[in-house]
Amino acid sequence: MRDVGMTDEESGNRLGRYLRARRELVSPAQVGLPAGGNRRVPGLRREEVALLAGISPDYYLRLERGRDRNPSPQVLESLARVLQLDDIERTYLLGLAAARPRAPRRKRPEHVPARVHELLGHLQIPAFVEGRAFDVLAANPMAVALNPRLRPGQNRLRSLLLDPEERAFHQDWAKATAEFVATLRTTIGDDIDNPRFVELVGELALSSQRFRTLWARHDVRNLEGGTTTVHHPVVGELRLHRDKLPIEDVILVVYYPDRGSDSDEKLRLLAALTHPESGSTVHDGTAHDRPGDVPRPTAP
């Protein structure tokens, strides 16, 4: 997989690309340096990073250009401090340096276990199953009632970036897109030749300026839940908690409100309006060889 704007000779230098991207996000003021009046690059210069990390400028240049791919943990810790990386980003940096060439992995299809389909039918809150690339693989009626873009065959990141209705649905669309793209980069890891990831990143790089901007930042984020506020066209604003539960090779995602809250009442109203059949699940009943084989909506 090639990052946006990456040349052939850079394609294997993930450590260097990450260092450069993070360097450009740190201002001189953040590390106690004068901004100066003639800075041709955003963020810190290479020699400034080297000085602050206690390494030679030549050695840092070799790291960025991929000429030295075996820095010591001490060097990486110093760079993480200078680049003001949080714990997740620091762990990601250490992992990049530790990565070694690997044999191609035998690709396994993403399969929703039968018991998870059964579970979806019993849940009275919005719940669905997604794959590693945010492809929706199965969903219960409440999930589709909450958000029609949660039907199987949709891709959550693609909908978020390209569907105007999805943008209106999220109260903080900018935050949601940033979190999704950062999680995708973490999920990809060293699985850069996975056809589904290559396809999705390529499509979004061509069709979304927002994606290109976020992808170039090299932000990383762990797969986790949280709390979000959405605007439903029928019941109005909903404040919902979101949990992501790994099950084998897929993720079960559930949304639920605080008990007795206004959002709880609205979700109950939505359930009454939906009239889901007991135990039903929205899915196509097949285990796909890859999420890309699931029928996809046309571009908006």
Side-chain angles (χ1 to χ4, degrees), residues 1-25 62-71 76 79-80 83 85 88-111 130-135 137 155-158 160-162 177-224 244 246 248-251 288-294 296:
M1 179 186 300
R2 183 181 301 177
D3 278 334
V4 179
M6 191 187 352
T7 65
D8 289 332
E9 65 181 13
E10 294 175 312
S11 60
N13 184 20
R14 295 172 60 220
L15 174 61
R17 294 199 310 274
Y18 187 67
L19 289 173
R20 182 168 61 251
R22 304 313 299 182
R23 169 171 63 83
E24 293 176 351
L25 295 174
R62 295 204 307 273
L63 288 177
E64 271 205 9
R65 292 187 173 176
R67 297 171 184 167
D68 188 324
R69 302 188 183 185
N70 297 287
L76 293 174
L79 291 172
L83 299 176
L85 304 185
I88 296 173
E89 294 161 344
R90 171 184 160 276
T91 300
Y92 183 79
L93 174 64
L94 292 169
L96 288 177
R100 294 291 183 268
R102 58 177 176 81
R105 298 172 181 169
R106 183 177 180 182
K107 193 169 154 320
R108 296 186 299 175
E110 289 183 320
H111 172 72
E130 68 182 15
R132 295 177 65 213
F134 299 117
D135 293 297
L137 305 176
N155 179 272
R156 297 184 66 209
L157 181 55
R158 185 185 185 281
L160 185 63
L161 288 164
L162 302 181
T177 54
E179 290 179 348
F180 265 72
V181 173
T183 301
L184 177 65
R185 185 176 283 281
T186 306
T187 301
I188 290 174
D190 64 353
D191 196 12
I192 57 177
D193 296 324
N194 183 300
R196 180 63 185 123
F197 290 142
V198 172
E199 177 189 28
L200 180 62
V201 171
E203 177 189 9
L204 295 178
L206 289 173
S207 56
S208 171
Q209 176 59 52
R210 175 65 175 165
F211 178 82
R212 291 193 294 272
T213 299
L214 292 172
W215 194 247
R217 288 175 56 92
H218 285 249
D219 289 332
V220 290
R221 179 183 175 91
N222 283 346
L223 184 71
E224 58 187 14
K244 296 193 171 192
E248 295 183 10
D249 294 329
V250 297
I251 305 294
H288 300 283
D289 287 339
R290 69 182 183 91
D293 294 331
V294 181
R296 281 209 203 91

Can you check side-chain contact (heavy atoms from CB on, under 4.5 Å) on L93 and L19, steps first, answer last? CA-CA 8 Å; L93 174 64; L19 289 173; 4.0 Å; yes
Worked check of side-chain contact (heavy atoms from CB on, under 4.5 Å) between D135 and R196: CA-CA 10 Å; D135 293 297; R196 180 63 185 123; 2.7 Å; yes
So E203 and S207, side-chain hydrogen bond (donor to acceptor under 3.5 Å, both in side chains) or not? Walk me through it. CA-CA 6 Å; E203 177 189 9; S207 56; 5.3 Å; no
Go through the steps to decide whether V198 and I192 satisfy the test side-chain contact (heavy atoms from CB on, under 4.5 Å), and finish with yes or no. CA-CA 7 Å; V198 172; I192 57 177; over 6 Å; no
Apply side-chain contact (heavy atoms from CB on, under 4.5 Å) to residues F211 and V201 and explain how you reach the verdict. CA-CA 9 Å; F211 178 82; V201 171; 4.1 Å; yes
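Residue A21 comes nearest to R217 through the heavy atom pair CB-O, 3.8 Å, listed as atom of the first residue, atom of the second, then distance. Of all non-hydrogen atoms in A97 and L76, the two that sit nearest each other are CB-CD1, 3.3 Å. Taking both residues in full, the closest heavy atoms of I251 and P246 are given as CD1-CA, 3.7 Å, listed atom of the first, atom of the second, then distance. Residues R212 and A205 share a closest heavy-atom pair of NH1-O, 2.7 Å. The minimum heavy-atom distance linking L200 with A133 is given by the pair CD2-O, 3.5 Å. Contact between L184 and F134 at its shortest, heavy atoms only, is CB-CE1, 4.0 Å.
Listed for the N13 side chain is a donor-acceptor partner under 3.5 Å among the backbone atoms of E64. Side chain of T187 to main chain of T183: a donor-acceptor pair is present (N/O by atom type, distance under 3.5 Å, no hydrogens or angles).
Residues that satisfy the salt bridge (Lys or Arg N to Asp or Glu O under 4.0 Å) test with R156, not counting sequence neighbours, are E130.
Once rounded to the nearest 0.5 Å, the distance linking CG of L204 with CZ of F180 reads 12.0 Å. Note that CG of D249 and CD of E110 are 7.5 Å apart. Values are rounded to the nearest 0.5 Å. Going from atom CG of L85 over to atom CG of L25 covers 10.0 Å, rounded to the nearest 0.5 Å. Within the model, atoms CG of L79 and CZ of R22 stand 13.5 Å from one another, a figure rounded to the nearest 0.5 Å. L214 CG to R185 CZ: the interatomic distance, rounded to the nearest 0.5 Å, is 10.5 Å. Summarising the geometry, atom NE2 belonging to H218 is positioned 9.5 Å from atom CG belonging to L96; distances are rounded to the nearest 0.5 Å.
Using a cut-off of 4.0 Å between Lys/Arg side-chain N and Asp/Glu carboxylate O, R132 and D191 are scored as salt-bridged.
Annotation: side chain of T186 is in contact with side chain of N222 (closest heavy-atom distance under 4.5 Å).
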